[in-house]
Each structure stands twice: as C-alpha cells, then as structure tokens.
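Throughout, protein chains are lettered first and strands after them, A, B, ... in sequence-line order, and every chain is numbered starting at 1.
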Amino acid sequence: MLSEQEINRRHKREELMRMGIDPYPAELFDVTHTIANIRAAFSDKTTRSPDATDTQGGYQPHLDFSTDPQFNTIRLAGRLMSFRIMGSASFAEMQDATGRLQLYFRRDDLCPSDDKTLYNTVFKKLLDIGDIIGIEGHVFTTLTGELSIHVRSFKLLNKALRPLPVVKEGVNEQGEKETYDAFTDPEQRYRQRYVDLIVNPQVRDVFVKRTKLVNSIRQFLSQRGYLEVETPILQPIHGGAAARPFRTHHNSLDMTLYMRIANELYLKRLIVGGYDGVFEFAKDFRNEGMDRTHNPEFTQVEFYVAYKDYLWMMDTIEEMVEQVALDVAGTTKVTVGNNTIDFKRPWKRLTMFEAIQEYTGVDVSSMDEADLRQLAESRGIRVDSTMGKSKLIDELFGDACEPKLIQPTFITDYPVEMSPLTKKHRSKLGLVERFEAICNGKEIANAYSELNDPIDQRERFEEQLRLAERGDEEAMALDEDFLRALEYGMPPTAGVGLGIDRLAMIMTNQPSIQDVLFFPQMRPEKKVDLSTDVDFIEAGVPAVWVPAVQRLGYLTVDQLRAASPNKLFNDLGGVRKKLKMDAPMPTMIDVRGWTGN
RNA sequence: GAUGCUGUAGCUCAGUUGGUUAGAGCUUCUCACUUUUAAUGAGAAGGCCCUGGGUUCGAGUCCCAGCAGCAUCACCA
C-alpha cells in the first residue's frame, strides 16, 4: 500500500505529463561540469574572503560570473536534495556524483514573460526532493558568500516516486557540525544501499577507497609482471581451504558442483603450466556463520610465484600493503577505532611459539598434548578430547595472541597438521613454512611455501580424508587432477591469500564487513503475499469498499474469509467515516457474504 | 546456537508510578515571502505504538512466546 507521499508524487508525475513535460526523457542531457570541477576551478581564484569565516561559503559575497566565459554557461545534472523556497526566488541543493552545490532559481529569470507556470507550478509544486534535474546557468556567490549557480533554465530528468530520507546538517552553538535525521538504521542501510549511498556521502567514500585498494594491489602485481587470471568459480571438487561449501547442480552434466571456497589449486595448476606468477581477485563462498568479519561471499586476492619461498613472500606482502596504505590513505599510518596502525616496513616477525611465549610467558615448543591441554584449560579455553596438539596450539594462539596483535605482524611456522597444502619446514621438525599477517587482531593474509612433493601431498590429503570420515565437515577433499598436475612437476612456489574485505575494513576504519560490501548478505525481507483489488472483488467485495477492507488490515482474501462478520461490519462504519466515503453502508448480509460466514 | 539491547508517523526520536482523544522536529499538503543556510511565519494532514497471546476496570508502558536488526560469545578464517 502506498503512503500519502508516494501517492502525491504519482499525481505530480501525471500532472507533468498532462502539461507536456516528460518526467523520464530519453535524450541525453549534455553536462559540461561536475560539481567538483566547479569547486576546483573556483578555488583557483583568490576569492576567499579573509573575514568571512562565519559565513556558509567563505567566499566574497556578490561575485557575479555571468559574463566570465569560464563560468557563465554551466550545465550540471544531479539529484535535488533540499529546497528553500522564498516566494518568487528559491534556493535548492543539487547533488551529483562528486558533491553538492547550491542552486538559485528566480521566477522572473526562468519565466521572463507573463506566464509564470514554469516557476510557480513546475518548479515549486511538481518537483520534490530526490528528483533528478539538469540545469544551465552561471556561477555567482550569494550575499553570505556561498558558491552557487544562478539557474537560467532547468529540465526534469527523472521524477522520483519515493520520498528520500532528508538528512540535514547544521552547525550548533559550539561551532561543531551536527547531522539531523540521519539515515542510520543498519537494516535499511544495507537492504537499500542505494538510499544509503544517496544520503550518506561518507558511505560513498568508503567504497571509492575500496576500489582504490584493489587497483593499488592490481597495479603493484601487474607492474612486476605477474599475470592476472580467472579460474572456475563452479568446481567439481572444492579445495584449497578448510570450509563448508555451497553446493549446486549442473543440469546438462547432471552433476554436483561446488561454489569455490578458494582458487588455490587452480592457480597452482597454472604455475605447473609454466607461468612465473599468477594472481586472481577471487570471490569465494563459504557456507558458514555470518558476523562482523564474515560474509558468505567475500573477496581474496590469491597470488602465486614460482621459484620463491615464504620468506620472499613476507617481504613482498609487506611492501605491497605499505603501498596500498599510501595509495588509499596517503600515509602508512591508518586510524582504526582507537588504534593507529602503521604499515611502514619492516613489520614485526614472530614464530607461533615465540608469539605464545611473548603473550603467555610459557614455552610450548616442546610440550606434549597433555601439558598443552592443561595450559589451555588454565587459561579458560574450552577443550575437549578431540583436540590434538596442533589444535590446542592454535586455540592458545587465538586466545592469547591474536587479539593483542594490533600492529601488522607476521606469525610464522605453523604445526603441520593444520596446513595440508604447505611444504614442511626446511629445518624445524613438525612445522611447516607458513605465515599469517595479523593486523588489528585479525588475520589479513595467509601464505606458504607451497607443497610440491606429490607423494607428500597425497598423504596429506589422505589424512584429511580420515578427518572427514570422523565427521570433520571442513576437511579437504582429495583432488586427483591436482595431484596429477603436481606429478608433472610444480616449481618451488610461494603463495598467498589476502583478504580484501578485511583489509578494506582496516583501511577505511569500518567496524563491520557489511560496511565494505555494497550488498551484504541479509535474511530475505518478509513479504506478505498481498491479494489484488481484483481478488477482493471476485470474493464479493464491491470495488468502492476494497480500500476500506484493506485499510482494516485484511490484506489477503484468506484473512478476510477468517474475519468475524460482526467486527468487520462495525469497523467498516468507522472507516467509512474516516475515509469520508459517500457509498452507502453495506448490509450485514452483504458483509456475511464477503467473509463466507 | 546462547545472552543482552532495540523495535512508536516517510526520517530522527520523546512518551513519567499502567489512566482521557499517543507527542516533537524534519518531510508532505495549503498560504505568505526576490540572496536563504537545519530559511522563516501561519495553518493542515499523517500512527496495525513489530506480531500473537496473557495480567488488569484499563497496556505504547507489565508478563510470556515469536519475528527483525544490532552487540557480545560460541562455531567459523
């Protein structure tokens, strides 16, 4: 059911059409400037008024550029965000992709002849906040020194049928900026991201920064000669990570396919194929819990380089992320919550055992399972008998170390059981050549010297199969084709996966992954399957009474059938009065007929 | 999955120990106004108080259940 304001706007749309104005014109509107263009061009002029700090714009008042060739014919297009109507002159604010600017409309400029319809009716009555228009005019500054466009003509480009939340900004008595009626409800912001983006400019900036971040990584890797590639999202065997997959079905092949949880095994096949370095910005899908740092689909860049090891990769990641910070934030220091994170090289490097020793004071490197379990229990970690040595170490690390690692830190040399795709450590028994980059208490990257011994790899997969048989839903599946590729020979390779969403959260200081995804996964909106007017008429309700019945909350014919006829009859009387209906009251017998009782 | 907080007009939010017809600002509508700045002034409209039960003479308010969002935890990278 439409709100009063929506009905209103539909009427305006029809009225415009009656007047011969197309609310949705087909032809392009030739824009000459963006709002940012104008502000930039104007800031070159030495027009700042030194004593105008208390005015809105800070420019000298009453500047007029109607004869200046640079500023006298400006064509802008954008969305109307506010009106200040003052009789035969008005101000409005326009927002385009680059910012907001004030527009000045004067009746006698828009309508030089006696017919003032264009101003009095079209502009003042038929335009609304949210409509998209194009304007032509010249630049000037107002009495208070605000940069504005004096509009000579305007054209409606789109009539908006839904009201936009009106967010207003002002300056309070303390001189601080205040926002009024901000559009803040997280559910509505995520479900209707388009509205969020229109009314919350800082949200647009977050996503611009995210794209800068991706471009920065792409440029960094491309410039070094690595090849950006695409590999399958639909995979017959999900591999490369420990996670539960989404399952789907291909009809023609009549086979199960999985949405990829990682693309690691495909990128390694390409290294086998002879490329020196490949990378892919990959949407991965994991059928697991959702929270502030997890969305079922998320983005990683995975990157593999032949003839390198994990130590080389540490240097590379350090350099790359430092560059990302410079490109996105302009500095290596980024504020995240209450912390300032400095991505300047070199980052701290600790082995996992060193990290645990640093934060617990206990050396676990030579402990057996029983001692580890006791240590974990003493720190309040919930343990059970299925947890092996490596799992206990992982739990200890996650509990004692990870949350405390705010500055970027590399943690190296993990237990072998947790890393089935990683080469065994060159000198430390029972460990693998693996590192994670931790930042702001969360993992942002995970890298290995890649396992390239096909026999060892097969044994690790078989170990995973045994875990799966014991009910571990995340154990990796054995991928025969991948093993076949390894048997042809993969050079020594360093590989990394870097979480784009989490890095974006840090670089843009956003507390939730939902704030760096345009369309985060949400529960579906509850939708009542409404009956149409025709349904009600077919059920016996006269057309004039359908709105009244709907108004009483009977939105489906089934609901009407279940209604008590006595109550409905009484309520109809009330609604009839409220809606000021002329139609005579139906009889009690009529109403009984509608409800089927 | 557990616990906590929240759900009132298109938007942001008040609503007292349970007590007449649920309020405000913005938005919308009508009128006035030729440089405004959250424009202003006058008037009006706009509510399944999330849903369903219950207690009560009486529920927006108290109790129970459910739904949705958020937070923390668990699971999970």
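Projected onto RNA chain B by closest heavy-atom contact, A/Pro165 and A/Lys442 fall at different nucleotides, the more 5' of which corresponds to A/Pro165. When the nearest nucleotides of RNA chain B are assigned to A/Phe140 and A/Leu127 by heavy-atom distance, the more 5′-ward of the two goes with A/Leu127.
When the C1' atom is used for both B/A59 and B/C48, the distance is 15 Å, rounded to whole Å. Taking the P atoms as reference points, B/U17 lies 42 Å from B/C75, given to the whole Å. Rounded to whole Å, the separation between the C1' atoms of B/A71 and B/A32 comes to 50 Å. Taking atom P on both nucleotides, B/U8 is separated from B/G52 by 16 Å, rounded to a whole Å. Distance check on atom C1': B/G69 versus B/U16 gives 28 Å, rounded to whole Å. Here, B/G18 and B/U28 have their C1' atoms 34 Å apart, quoted to the whole Å. Comparing B/U20 with B/G60, their P atoms are spaced 10 Å from each other, to the whole Å. B/G47 and B/G10 have their P atoms separated by 7 Å, given to the nearest Å.
The partner of B/C75, taking Watson-Crick or G-U wobble pairs whose two distances both stay under 3.5 Å, does not exist in any strand shown. With a 3.5 Å ceiling on both atom-pair distances, B/C33 lacks any Watson-Crick or G-U wobble partner. The base-pairing partner of B/A38, taking Watson-Crick or G-U wobble contacts with both distances under 3.5 Å, does not exist among the strands shown. B/C57 is paired with B/G19 under the criterion used here, namely a Watson-Crick or G-U wobble arrangement in which both key atom distances are under 3.5 Å. Across every strand in view, B/U28 sits in a pair with B/A44 that passes the Watson-Crick or G-U test at under 3.5 angstrom. Nucleotide B/U6 has B/A68 as its partner under the Watson-Crick or G-U criteria, with both atom distances under 3.5 Å.
At a threshold of 4.0 angstrom between heavy atoms, the contacts of A/Ala243 are confined to the sugar-phosphate backbone, with no base atom among them. Among the heavy atoms of the strands lying under 4.0 Å from A/Gln514 are primed sugar atoms or P, OP1, OP2 only; no base atom is included. No contact: A/Arg244 has no heavy atom under 4.0 Å from any strand. Nucleic acid contact for A/Arg9: none, since no nucleic acid atom lies under 4.0 Å from a heavy atom of the residue. Note on A/Arg10: nothing from the nucleic acid sits closer than 4.0 angstrom, heavy atoms only. A/Glu436 comes within contact range of at least one nucleobase, with a heavy-atom separation under 4.0 Å. Using a 4.0 Å heavy-atom distance criterion, A/Leu164 is classed as making no nucleic acid contact.
For the pair A/Leu101 CG and B/U35 P, the interatomic distance rounds to 19 Å; values are reported in whole Å. Rounding to whole angstrom units, CZ of residue A/Phe183 and P of B/A38 are separated by 23 Å. A/Ile7 has its CD1 atom 21 Å from the P atom of B/U27, to the nearest Å. One atom, OH of A/Tyr190, and another, C1' of B/A68, lie 15 Å apart when rounded to the nearest Å. Residue A/Ile85 contributes atom CD1, which lies 14 Å from atom P of B/U35 at whole-angstrom precision. The distance between atom CG of A/Asn295 and atom P of B/C75, rounded to the nearest whole Å, is 20 Å. Remark: P of B/C33 and CZ of A/Phe123 are 16 Å apart, rounded to the nearest angstrom. The distance from atom CG of A/Leu161 to atom P of B/G10 is 17 Å, rounded to the nearest whole Å.
Using modelled atom types and a 3.5 Å distance limit, the side chains of A/Tyr359 and A/Asp399 yield no donor-acceptor pair. Side-chain atoms of A/Asp115 and A/Thr117 include a donor-acceptor pair closer than 3.5 Å.
Taking only distance into account, the side chain of A/Gln102 meets the base of B/U36 through a donor-acceptor pair shorter than 3.5 Å. Under 3.5 Å, the side chain of A/Thr142 and the base of B/U37 form at least one donor-acceptor pair of N or O atoms. Side-chain atoms of A/Asp185 and base atoms of B/G69 include no donor and acceptor less than 3.5 Å apart.
Nearest nucleotide to the A/Glu288 side chain, out of B/C76, B/U27, B/G69: B/C76. Looking at the side chain of A/Asp181, the nearest of the listed nucleotides B/C11, B/C70, B/U35 is B/C11. Of all nucleotides listed (B/G69, B/U34, B/U36), B/U36 comes nearest to the side chain of A/Thr144. When distances run from any side-chain atom of A/Asp291 to the nucleotides B/U28, B/U36, B/A74, the shortest one goes to B/A74. Listed candidates were B/C26, B/C31, B/U28. Nearest to the side chain of A/Lys125 is B/C31.
Taking the centre of each ring, A/Tyr104 and A/His150 come in below the 6.0 Å mark. Two rings, from A/Phe105 and A/Phe83, have their centers 6.0 Å or more apart.
The phosphate of B/U34 has OP1 or OP2 within less than 4.0 Å of a side-chain N or O from A/Ser88. Contact check, A/Lys116 against B/U34: no side-chain N or O comes under 4.0 Å of OP1 or OP2. Contact between the side-chain N/O atoms of A/Gln5 and the OP1/OP2 oxygens of B/A9 is not found at any separation under 4.0 Å. Side-chain N/O atoms of A/Lys168 include none lying less than 4.0 angstrom from OP1 or OP2 on B/U12. Considering only side-chain N and O atoms, A/Arg84 lies under 4.0 angstrom from the phosphate OP1 or OP2 of B/A39.
Note that CG of A/Leu503 is 9.5 Å distant from OG1 of A/Thr508, once rounded to the nearest 0.5 Å.
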Given A/Asn8 and A/His11, is the side chain to side chain donor-acceptor pair (under 3.5 Å) satisfied, shown in steps?
CA-CA 5 Å; A/Asn8 211 323; A/His11 287 156; 5.5 Å; no
Using the side chain to side chain donor-acceptor pair (under 3.5 Å) rule, take A/Arg434 and A/Ser419 through it: C-alpha gap first, then chi angles, then the decisive distance, then the call.
CA-CA 8 Å; A/Arg434 170 179 176 183; A/Ser419 312; 2.7 Å; yes
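Side-chain atoms of A/Lys12 and A/Lys125, non-hydrogen and from C-beta on, never get closer than 4.5 Å to each other. Using a 4.5 Å cut-off on side-chain heavy atoms (C-beta onward), A/Ile513 and A/Met505 make contact.
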